[in-house]
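Side-chain atoms are counted along with the backbone in the values below, which use heavy atoms only and exclude waters and symmetry mates. We name chains A, B, ... by the order of the sequence lines, and we start the count at 1 in each one.
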Amino acid sequence: MCGQIFSYKQTANGFVVYSQNKKAEVVEFEKFFEIRTKNIDYFKNFFDLETDYKKIKNVLSREKALQDPIKFGSGIRILKQDLLEVIISFVVSANNNIKRITKILFALRENFGENMGDFFAFPTLKKLENITEKQFFALGAGYRSSQLVKLINQLKAVDFESWKEQKTETIKNKLVALSGIGPKVADCILLFGFGKTDVFPVDTWIEKVYNQYFGTCKNRIIIRKELTKKFENLSGYAQQYLFYFQRSFNSK
DNA sequence: TTCCAGGTGCATA
DNA sequence: TATGCACATGGA
């Protein structure tokens, strides 16, 4: 897994991924993966199985800086996730490390999500509405607790269905108006929640990659602009290959 | 002990 | 519009 979702657990021969109130077990074999789930259609879409990644990789391989990352992360897919879960997850992710993000999000499921038997569902908006700032603190959400409470309150008035057909930049403007959502988190929501691949989330890792391979710049707004100009509709895919590669070789 | 993590919000100029 | 700083928390 590569940092797109935080609700998964390693197993002896693969991993179990939790999305919304569903789960899928992914078992790794020598030449293929097997996905075991009761929700076949949901996870067929979730793992983006209908998209031709071979074609995408061929185009992106023209860029020298992407050749090794594509080889290294050849199995990467852009996960099409539940919108509410993506929004909350990436607000929690801001200025945080993956281990701690995972811990907070599992605690959120366990304390406020429906008991599904052998796991807990991600809380519905209705359940989230009842969580206080103090309770978010108790989960370990730190200073994001107040942002989360404010955000959840704002979400009550949002009709995401009507957003889905709109242009990327239109949705982005609406997202950054919400509490806890800035340009980077908005890009992640657009990519993993709305399936918009013409975005390039720029975080601390991508900033490093950019300065290593593409140019010299510390302004993330400008880096994003340059990279989306370069990769256009394939920006989101390019970002994932670069992110995964960079993070794998620079952290534990 | 200090630095850093998939940054954002807010004050200041 | 642009820059700088504070913000919880835990691991390295």
Side-chain angles (χ1 to χ4, degrees), chain A residues 1-8 17 69 72-73 76-83 85-108 111 131-155 172-194 196-197 199-212 214 217-225 227-228 231 235-252:
Chain A
M1 299 306 286
C2 48
Q4 296 178 46
I5 56 159
F6 307 100
S7 298
Y8 71 95
V17 52
F72 179 73
I76 285 177
R77 312 191 76 85
I78 302 292
L79 302 180
K80 296 187 168 177
Q81 306 179 46
D82 175 67
L83 202 42
E85 188 167 357
V86 170
I87 291 170
I88 302 297
S89 299
F90 277 92
V91 168
V92 169
S93 81
N95 193 29
N96 209 341
N97 61 66
I98 290 181
K99 204 168 177 179
R100 191 163 157 249
I101 301 162
T102 302
K103 200 173 150 190
I104 294 165
L105 291 171
F106 269 116
L108 181 62
N111 284 277
I131 305 176
T132 64
E133 190 176 329
K134 205 172 166 187
Q135 286 173 310
F136 272 119
F137 257 99
L139 297 179
Y143 69 84
R144 300 169 197 82
S145 300
S146 60
Q147 294 175 353
L148 286 165
V149 170
K150 206 188 274 182
L151 169 67
I152 288 161
N153 195 43
Q154 290 170 325
L155 290 180
K172 181 157 179 172
N173 288 336
K174 293 181 181 179
L175 285 172
V176 296
L178 299 172
S179 175
I181 301 179
K184 188 272 172 181
V185 169
D187 278 346
C188 287
I189 295 169
L190 283 161
L191 183 57
F192 307 127
F194 285 93
K196 301 285 189 187
T197 58
V199 296
F200 209 112
V202 179
D203 62 5
T204 170
W205 298 104
I206 294 296
E207 189 184 321
K208 286 174 194 160
V209 171
Y210 184 86
N211 284 283
Q212 199 173 336
F214 297 96
C217 183
K218 292 240 173 265
N219 185 320
R220 294 187 180 181
I221 304 289
I222 296 171
I223 293 175
R224 177 194 194 264
K225 209 170 172 183
L227 292 173
T228 46
F231 295 106
S235 295
Y237 302 100
Q239 194 270 359
Q240 278 305 294
Y241 292 118
L242 288 170
F243 172 79
Y244 184 54
F245 187 71
Q246 181 73 11
R247 215 178 73 79
S248 300
F249 285 97
N250 290 284
S251 67
K252 29 281 89 158

Nearest 0.5 Å please: distance from the [atom1] atom of [X] over to the [atom2] atom of [Y].
X	Y	atom1	atom2	answer
A:Phe200	A:Ile223	CZ	CD1	10.0 Å
A:Arg224	A:Cys217	CZ	SG	14.0 Å
A:Leu105	A:Leu139	CG	CG	9.5 Å
A:Asp187	A:Ile181	CG	CD1	11.5 Å
A:Phe106	A:Asn111	CZ	CG	13.0 Å

Quick one: [X] [atom1] to [N] [atom2], roughly how many Å, whole number?
X	N	atom1	atom2	result
A:Ile189	B:dG6	CD1	P	17 Å
A:Phe243	B:dA5	CZ	C1'	10 Å
A:Ile98	B:dG6	CD1	C1'	6 Å
A:Lys103	C:dG11	NZ	P	6 Å
A:Phe6	B:dG6	CZ	C1'	6 Å
A:Arg224	B:dT8	CZ	P	12 Å
A:Asp203	B:dA5	CG	P	9 Å
A:Phe136	C:dT9	CZ	P	15 Å

- [ ] Check the surroundings of atom NZ in A:Lys174: do more than 12 heavy atoms from other residues, nucleotides or ligands lie under 6.0 Å from it?
- [x]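 Yes, NZ of A:Lys174 has more than 12 neighbouring heavy atoms, counting only those of other groups under 6.0 Å.
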
Open item on the list: I'd like to know whether NZ of A:Lys150 has more than 12 heavy-atom contacts from other residues, nucleotides or ligands below 6.0 angstrom.
Closed with: no

Task: Distance between C1' atoms of B:dG6 and C:dT3 (Å, rounded) - done: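 Pairwise C1' distance, B:dG6 against C:dT3, rounds to 23 Å.
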
Open item on the list: Between B:dT8 and C:dG10, how far apart are the two P atoms, rounded to whole Å?
Closed with: 22 Å

Task: Strand-adjacent residues in residues 86-97 of chain A, judged by heavy atoms under 4.0 Å from DNA chain C - done: A:Asn95, A:Asn97

Task: Residues within residues 137-153 of chain A bordering DNA chain C, heavy-atom distance below 4.0 Å - done: A:Phe137, A:Gly142, A:Tyr143, A:Arg144

Open item on the list: Quick check on DNA chain B: between A:Ser179 and A:Val202, whose nearest nucleotide comes earlier from the 5' end?
Closed with: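 On the 5' side of the pair lies A:Val202.
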
Can you pull every protein N or O that's under 3.5 Å from an N or O on nucleotides 2-6 of chain C?
none

Open item on the list: Less than 3.5 Å apart, any donor N or O on the side chain of A:Thr132 or A:Gln135 sitting next to an acceptor on the other?
Closed with: yes

- [ ] Assert yes or no for the condition that the ring centre distance of A:Phe90 to A:Phe192 is strictly below 6.0 Å.
- [x]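 Centroid distance A:Phe90-A:Phe192: below 6.0 Å, so yes.
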
Open item on the list: Centre-to-centre under 6.0 Å for A:Phe72 and A:Tyr241, is that the case here?
Closed with: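 No, the ring of A:Phe72 stays outside the 6.0 Å limit from the ring of A:Tyr241, centre to centre.
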
Task: Any A:Thr204 side-chain N or O less than 4.0 Å from OP1/OP2 of B:dG6 - done: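 So the side chain of A:Thr204 is outside the cut-off, no N or O lying under 4.0 Å from OP1 or OP2 of B:dG6.
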
Open item on the list: Quick check on B:dG7: is either OP1 or OP2 less than 4.0 Å from any side-chain nitrogen or oxygen of A:Arg220?
Closed with: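 Affirmative; the distance criterion is met.
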
Open item on the list: So does A:Leu148 get a backbone contact from the side chain of A:Glu133, meaning a donor-acceptor N/O pair under 3.5 Å?
Closed with: no

TODO: Check for a donor-acceptor pair, side chain of A:Arg100 on one end and backbone N or O of A:Gly140 on the other, with a separation under 3.5 Å.
DONE: yes

Would you mind classifying the nucleic acid contact of [X] as base, sugar-phosphate or nothing, using non-hydrogen atoms under 4.0 angstrom?
X	answer
A:Ile101	nothing
A:Leu178	sugar-phosphate
A:Lys208	sugar-phosphate

- [ ] Spell out yes or no: do the side chain of A:Lys184 and the base of B:dG7 have one donor N/O and one acceptor N/O closer than 3.5 Å?
- [x] no

